[in-house]
Novice: 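Quick one: structure below, then a few questions.
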Amino acid sequence: MNRQPKPLGLDLGFGFTKCIDGEQTVIFQSHMNRNITRTDETTTPPEGTYHIELDDGDYIVGDDTRSPSLFEDFARQPERLINAYGRNLVLTAAAPFSDQENPLHIVIGLPVTYFQRWETELMGRLTGYHKIRVYQPDGRCTRKNLHIRKVHVVPHPLGTFTSLIMDEEGRLRDSEYNKTKIAIVDIGFRTTDIMVMASARFCNRGSSTIEMGMANGFEMVARKLYRETGTVPDLNRLYKAIRMGFIRIEDQEYNLEIRRAEMYRHLSSALADRINYGLKDDWDIDRVLLTGGGASDIAGDLAPLIDGEVVLIEHDQDVRLINAQGQLRLARHLWGASGLCHAG
């Protein structure tokens, strides 16, 4: 039996978990709760929701609107993303890519500070075999034995950097960013990461995680909507509504454009102060690159407030996948497009 290894790029974030192999994409809210319904009583779940069973229990993972958001949980105890949910979120995201126990080689991105703290532990929890059952809405169960042979953990923005210096197959290409000193600012859901690279080398000084992200802005909009409607939309719906500029609640449409503009200005001002402070000792940075799921939304307000030259990294599809795509390129660089090679 041919069990060719499969390289994956996986981005474990506070807002969304993303996993890609170059052909298939899995993306869902970083949201998990114990399942309290019997399997034969389940109804059709929302898109992006998974009913899984692991060795430690039965879970609903993803965009489950029946359960409370993890935002408050993460805000109180952000380390729970890794020590309580991380393994199960990764296994849920990787399961669709596992076929006949083919080994998986995964590059996983974490916020900078969490990468520095949790890299070794997360690798230990994930490497090896994992039994998982994935239940369909009709009660049918798919059993898989995931074989995660290799795990490489990196800070989130390294995915963006990898995309700048490597092609889709993970081959190095000529790039100005191999020779300059840059700061990559990754604006995520609950955190904003700053990663400083000098001549393609990671610099600890100046690299950090700011405990602030798009969720702070979403929460502002959600509070105002709750005062008006008594309803708080789930994260995925609110994310889409803010980008579109309106939301429909109980057959009434609410314009979000003014609220969105106010939120973008407020969040940009607060982030710019923290970013400039974090980079104050790196006076020789040539360029600041904005990336991540929130970058394109607030770049117009944020960029003029950041010291130095600022460039927005564009993406032709879902901006939330920028880092995962770069992590896939890194996986192919480390282990080859087939997973069989090793970096020299």
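Throughout, residue positions are numbered sequentially from 1 according to the sequence presented.
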Novice: Would a hydrophobic clustering, with Ile, Leu, Val, Met, Phe, Trp and Tyr connected at side-chain separations under 4.5 Å, put L312 with M214?
Specialist: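 In one cluster: yes.
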Novice: Is there a side chain to side chain contact (heavy atoms under 4.5 Å, CB included) between H152 and L334? Walk through the geometry before answering.
Specialist: CA-CA 9 Å; H152 186 60; L334 292 172; 3.6 Å; yes
Novice: For residues 285-292, which side-chain donor-acceptor pairs fall under 3.5 Å, sequence neighbours excluded?
Specialist:
residue	atom	partner	partner atom	Å
D286	OD2	K181	N	2.9
R287	NE	E309	OE2	3.3
R287	NH1	E176	OE1	3.4
R287	NH1	E176	OE2	3.4
R287	NH1	Y177	OH	3.1
T291	OG1	T160	OG1	2.8

Novice: Does a salt bridge link K224 with E228, judged by any charged N lying under 4.0 Å from a carboxylate O?
Specialist: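 Answer for the salt bridge query: no.
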Novice: Is there a side-chain contact between D167 and L172 (heavy atoms, below 4.5 Å)?
Specialist: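 D167 does not reach L172 side chain to side chain.
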Novice: Indicate whether the side chain of H31 and that of N33 have a donor and an acceptor atom separated by less than 3.5 Å.
Specialist: yes
Novice: I'd like to check L271 versus S268 (side-chain heavy atoms, cut-off strictly below 4.5 Å). Are they in contact?
Specialist: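 No, every pair of side-chain atoms sits at 4.5 Å or beyond.
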Novice: State whether the number of non-hydrogen atoms from other residues, nucleotides or ligands found under 6.0 Å of Y254 atom OH is greater than 12.
Specialist: yes
Novice: Consider only side-chain N and O atoms of Y135 and E53, and report whether a donor and an acceptor are under 3.5 Å apart.
Specialist: yes
Novice: Any side-chain heavy atom of D21 within less than 4.5 Å of one from K6?
Specialist: yes
Novice: Any idea which heavy atoms bring D193 and P157 closest together, and the distance?
Specialist: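 Taking D193 first and P157 second, the nearest heavy atoms are CB-CG, 3.8 Å.
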Novice: Once you measure the plane-to-plane angle for F16 and F189, does it fall in the parallel (<30°), tilted (30-60°) or perpendicular (>60°) bin?
Specialist: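 F16 and F189: perpendicular rings.
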Novice: Between S30 and Y85, is any pair of side-chain heavy atoms under 4.5 Å apart?
Specialist: no
Novice: Can a side-chain donor-acceptor contact be found between D58 and H51 if the only test is distance below 3.5 angstrom?
Specialist: yes
Novice: Counting only N and O atoms by type, is there a donor-acceptor contact under 3.5 Å from the side chain of T229 to the main-chain atoms of T231?
Specialist: yes
Novice: Give a yes or no on whether the ring-centroid distance for F202 and F161 is below 6.0 angstrom.
Specialist: no
Novice: Going by side-chain heavy atoms closer than 4.5 Å, which hydrophobic residues are tied to M244, directly or by a chain of links?
Specialist: F246
Novice: Under a 4.0 Å threshold between the charged nitrogen and the carboxylate oxygen, would R133 count as salt-bridged to D55?
Specialist: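 R133 and D55: not salt-bridged.
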Novice: Just verifying a value: how many Å separate I194 CD1 and S208 OG, rounded to the nearest 0.5 Å?
Specialist: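 Separation between the atoms: 4.0 Å.
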Novice: Any side-chain to backbone donor/acceptor pair from R260 onto I242? Under 3.5 Å, distance only.
Specialist: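 Yes, the answer is positive, given that a donor and an acceptor are paired below the 3.5 Å cut-off.
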Novice: So, S269 side chain and R265 main chain: donor-acceptor pair closer than 3.5 Å or not?
Specialist: no
Novice: Please round to the nearest 0.5 Å and tell me the distance separating atom CZ of R248 and atom CD of Q252.
Specialist: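 Going from CZ on R248 over to CD on Q252, the span is 9.0 Å.
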Novice: May I ask you to decide if E168's main-chain N or O and R332's side chain share a donor-acceptor pair within less than 3.5 Å?
Specialist: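 Looks like yes, one N/O pair under 3.5 Å.
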Novice: Between H147 and N102 (side chain of the first, backbone of the second, donor and acceptor by atom type, cut-off under 3.5 Å), is there such a pair?
Specialist: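 Not confirmed, H147 side chain does not pair with N102 backbone.
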Novice: In this structure, would L305 and V311 fall into the same cluster of hydrophobic residues linked by side-chain contacts under 4.5 Å?
Specialist: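 No; V311 is not reachable from L305 via cluster members.
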Novice: Provide the closest heavy-atom pair for A299 versus P304 in the form atom of the first, atom of the second, distance.
Specialist: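 Heavy atoms only, the tightest pair is O-CD, 4.0 Å.
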Novice: For the backbone of D307 and the side chain of N276, can you confirm whether one donor and one acceptor N or O come within less than 3.5 Å of each other?
Specialist: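 Yes; at least one donor-acceptor contact below 3.5 Å.
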Novice: Could you check whether atom CD of E250 has more than 12 heavy atoms from other residues, nucleotides or ligands sitting under 6.0 Å from it?
Specialist: no
Novice: Listed by chain and number, what are the side-chain contact (heavy atoms from CB on, under 4.5 Å) partners of R243, not counting sequence neighbours?
Specialist: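 Checked R243 against side-chain contact (heavy atoms from CB on, under 4.5 Å); matches are Y239, S296, D297, V319.
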Novice: Can you tell me how far apart CD1 (I249) and OH (Y226) are? Round to the nearest 0.5 Å.
Specialist: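 Rounded to the nearest 0.5 Å, the CD1-OH separation comes out at 12.0 Å.
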Novice: Does M212 offer a backbone N or O that forms a donor-acceptor pair with the side chain of T192 under 3.5 Å?
Specialist: yes
Novice: Supply the atom-to-atom distance L158 CG to M197 CE, rounded to the nearest 0.5 angstrom.
Specialist: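 Going from CG on L158 over to CE on M197, the span is 5.5 Å.
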Novice: I'd like to check Q116 versus N204 (side-chain heavy atoms, cut-off strictly below 4.5 Å). Are they in contact?
Specialist: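 In contact.
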Novice: Give a yes or no answer on whether the side chain of D11 reaches the backbone of N323 with a donor-acceptor pair at less than 3.5 Å.
Specialist: no
Novice: Find out whether F28 and L89 are in side-chain contact, i.e. whether some heavy atom of one side chain is under 4.5 Å from a heavy atom of the other.
Specialist: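 Yes, at least one pair of side-chain atoms sits under 4.5 Å.
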Novice: Go through it in stages, so that I can follow the logic: the residues are I27 and D318, the test is side chain to side chain contact (heavy atoms under 4.5 Å, CB included), and I'd like the CA-CA distance, side-chain angles, deciding distance and then a yes or no.
Specialist: CA-CA 10 Å; I27 180 167; D318 190 329; 4.2 Å; yes
Novice: What's the shortest heavy-atom distance between P155 and M195, and which atoms?
Specialist: CG-SD, 3.9 Å
Novice: Can you name the closest pair of heavy atoms from A93 and T17 and give their distance?
Specialist: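 Where A93 meets T17 most closely, the heavy atoms are CB-CG2, 3.9 Å.
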Novice: Mind listing the closest non-hydrogen atom pair of I132 and A95 along with its distance?
Specialist: CD1-CB, 4.1 Å
Novice: Counting only heavy atoms not in R173 (residues, nucleotides, ligands), do more than 12 fall under 6.0 Å from its CZ?
Specialist: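 Yes - once you tally the heavy atoms of other residues, nucleotides and ligands closer than 6.0 Å, there are more than 12.
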Novice: For the NZ atom on K179, are there more than 12 heavy atoms of other groups (residues, nucleotides or ligands in this structure) within a distance under 6.0 Å?
Specialist: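 Yes - once you tally the heavy atoms of other residues, nucleotides and ligands closer than 6.0 Å, there are more than 12.
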Novice: Would you check if there is a donor-acceptor pair between the side chains of T209 and T191 at a distance under 3.5 Å?
Specialist: no
Novice: Could you state the interatomic distance from CD1 (I322) to CZ (R320), rounded to the nearest 0.5 Å?
Specialist: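 Separation between the atoms: 11.5 Å.
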Novice: Any sub-3.5 Å donor-acceptor pair from H333's side-chain atoms to G170's backbone N or O?
Specialist: yes
Novice: Take K131 and R143 through the test side chain to side chain contact (heavy atoms under 4.5 Å, CB included) and record every step on the way to the result.
Specialist: CA-CA 7 Å; K131 295 184 183 300; R143 295 174 174 85; over 6 Å; no
Novice: Do I210 and I275 have side chains that get closer than 4.5 Å, going by heavy atoms?
Specialist: yes
Novice: Can you give me the closest heavy-atom contact between G206 and L279, atom names plus distance?
Specialist: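 Heavy atoms only, the tightest pair is O-CD2, 4.0 Å.
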Novice: Can you check whether L126 reaches I108 side chain to side chain, under 4.5 Å on heavy atoms?
Specialist: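 Contact flag for L126/I108 side chains = yes.
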Novice: Give a yes or no on whether the backbone of M166 and the side-chain of R329 come within a donor-acceptor separation of less than 3.5 Å.
Specialist: yes
Novice: Test side chain to side chain contact (heavy atoms under 4.5 Å, CB included) on L122 and V151 and set out the steps.
Specialist: CA-CA 9 Å; L122 187 61; V151 178; 5.9 Å; no
Novice: Any ion pair linking D282 and R205 (charged N to carboxylate O, less than 4.0 Å)?
Specialist: yes
Novice: First locate atom CG of N216, then atom CD of E211, and finally report the distance between them rounded to the nearest 0.5 Å.
Specialist: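 Rounded to the nearest 0.5 Å, the CG-CD separation comes out at 9.5 Å.
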